[in-house]
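The figures that follow rest on heavy atoms only: side chains count, while hydrogens, waters and symmetry mates do not. For ligands, and for the atoms within them, numbers begin at 1 and follow the listed sequence. No experiment lies behind these values; they were computed from the predicted model shown.
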Amino acid sequence: MEIVRVDTAGSGYDVLIGSGLIADAMVQARDFIESYHAGGHSARRKVPVVADRNAYRHHGDRLAHSLASENYDIDWYLVEPGEAAKSWQGLEALVDWLLARGITRKDRVFALGGGVVGDLTGFACAILKRGCGFVQLPTTLLAQVDSSVGGKTAINTKAGKNLVGAFHQPSLVLADTTCLTTLPAREMRAGYAEVLKYGVLGDRDFFAWLEEHGSQVISGEEPWLTQAVARSVAAKAAIVAQDERETTGRRALLNLGHTFGHALEAATGFGERLLHGEAVGLGMVLAARFSVQRGDLPPSAASRIERAVEQAGLPVRLNNINLAASGRELTELMRHDKKMEGGTLPFVLLRDIGAAYLARDVPLDDVASFLDAELRDPPF
Ligand code: GLY
């Protein structure tokens, strides 16, 4: 097991990474399990766990079995898999459910599932009685290396994704790599794009390590999987410690590939056509190619990034994804990005592998022309 400490303005917390952590949750999370009595004459103590139905089906028994070893029952709150759960209605229903159980600020709610469950539960806990604790049990690669760590919580509204939320750090994260063995291969590859991102943005040795061992990571082989998750989490923890609330530009580097990717997700309906991680992988390739066009990045570095994304089985060309949008339409979609400030959109670009920077001077017209050229026929 690997342990990564995340230092935050509060006291910070640990991220535990390894196989079998859910089966061992009673031991690993002992200090974080608060409970309430079920009411009536039951002497059993209850722990509130929010889970999506897939995570519940695959991992619910192991968690329940572990907590039962010390006479805790789980009070399950199940949500349907998919982004729809991250809505005002979904939030209201969960908060009402928690209030009905008399959850106090001292309690900790467990979140078992992917990013949707983590974001929804984290936000509910941020506002419940002005803040109660929560423990993340991320069950997807994407959630283990990104969304469960760093305290961003949110729901979606009509105006867009993740536009309403709060910074609210978990008390503990248990990233059980065993969970990843039940993930569909496509989801594993999509999550891997976020792993690659950490190498590309700030750690060229990690990138080179992934060039060598990426296929073992994607096929879930240990010890490479745990090492890849731990290095990713450590990279994120270092950035979060420097810029917890994304005010200095440091944390914004984690958005590498996301501005291009967000427009592609919006153009394809935020769904199965293009998964978030697939959009990030392609967005990262586009950011690299755009950096080459600006004269910032050597073409050979962009080719290496593209090769690594392609070897992971992810799309690397706009005309791989059946897009019916022009460059201009894509930049219009970017304008709705929540990072838009004062009429400009900061882009994370590259000077080298492992050397990302935030460019605040990028004319969206240039981006539109670049994307049109990419859509026609990539120029190099
Ligand atoms: N997912 C980007 C961040 O946590 O800042």
Side-chain angles (χ1 to χ4, degrees), residues 4-10 12-13 15 17 83 86 111 113-123 125-126 134 136 138 140-156 160-170 173 175 187 190-203 228-266 270 275-284 287 334 337-341 345-349 356-358:
V4 176
R5 182 80 187 160
V6 186
D7 289 314
T8 59
Y13 53 95
V15 182
I17 301 134
E83 284 285 324
K86 270 175 63 173
V116 167
V117 162
D119 280 8
L120 173 70
T121 309
F123 189 36
C125 291
F134 73 117
Q136 292 267 27
T140 65
L141 182 57
L142 192 94
Q144 293 192 353
V145 299
D146 183 26
S147 57
S148 68
V149 178
K152 281 190 180 175
T153 72
I155 58 165
N156 306 326
K161 276 185 74 171
N162 295 333
L163 293 181
V164 174
F167 286 99
H168 187 54
Q169 301 289 347
V173 182
E187 249 193 84
Y192 179 77
E194 297 275 3
V195 174
L196 261 183
K197 180 189 79 175
Y198 292 108
V200 175
L201 79 86
D203 187 344
V229 175
R231 277 181 88 159
S232 301
V233 171
K236 180 154 189 184
I239 290 177
V240 168
Q242 290 162 9
D243 183 19
E244 187 177 338
R245 291 190 165 242
E246 203 165 316
T247 50
T248 67
R250 186 83 189 119
R251 185 163 181 166
L253 297 182
L254 295 175
N255 295 325
L256 173 63
H258 283 65
T259 305
F260 285 106
H262 185 268
L264 300 177
E265 280 186 277
F270 286 107
L275 300 181
H276 175 72
E278 292 168 341
V280 168
L282 178 48
M284 205 154 52
M334 288 175 187
D337 199 297
K338 61 183 169 306
K339 296 176 285 297
M340 190 88 187
E341 37 179 62
L345 186 59
F347 278 81
V348 184
L349 299 179
Y357 74 100
L358 199 60

Give me the residue, atom name and distance of the protein heavy atom closest to [atom].
| atom | result |
| --- | --- |
| atom 4 (O) of ligand 1 | K236 NZ, 2.6 Å |
| atom 5 (O) of ligand 1 | R251 NE, 2.7 Å |
| atom 1 (N) of ligand 1 | D146 OD1, 3.0 Å |

| Is there side-chain contact between C125 and H168, with at least one heavy-atom pair below 4.5 Å? | yes
| query | With a 4.5 Å limit on heavy-atom distance, are the side chains of K236 and V6 in contact? | reply |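 Counting from C-beta outward, K236 and V6 never come under 4.5 Å.
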| message | Tell me whether H258 reaches ligand 1 (any heavy atom closer than 4.0 angstrom to a ligand atom). | response |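 So H258 does not count as touching ligand 1.
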| field | Option among I239, V145, V233 that satisfies the side chain to side chain contact (heavy atoms under 4.5 Å, CB included) test with Y198 | value | V145
| Can you list the steps and then say if E83 with H276 is a side-chain contact (heavy atoms from CB on, under 4.5 Å)? | CA-CA 11 Å; E83 284 285 324; H276 175 72; over 6 Å; no
| request: Report yes or no: do E194 and H258 form a side-chain donor-acceptor pair below 3.5 Å? | output: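 A pair is found: one side chain offers a donor N or O, the other an acceptor, under 3.5 Å apart.
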| task | Look only at interatomic distance and state if K152 has a nitrogen or oxygen under 3.5 Å from any nitrogen or oxygen of ligand 1. | result |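 Such a contact does occur with ligand 1.
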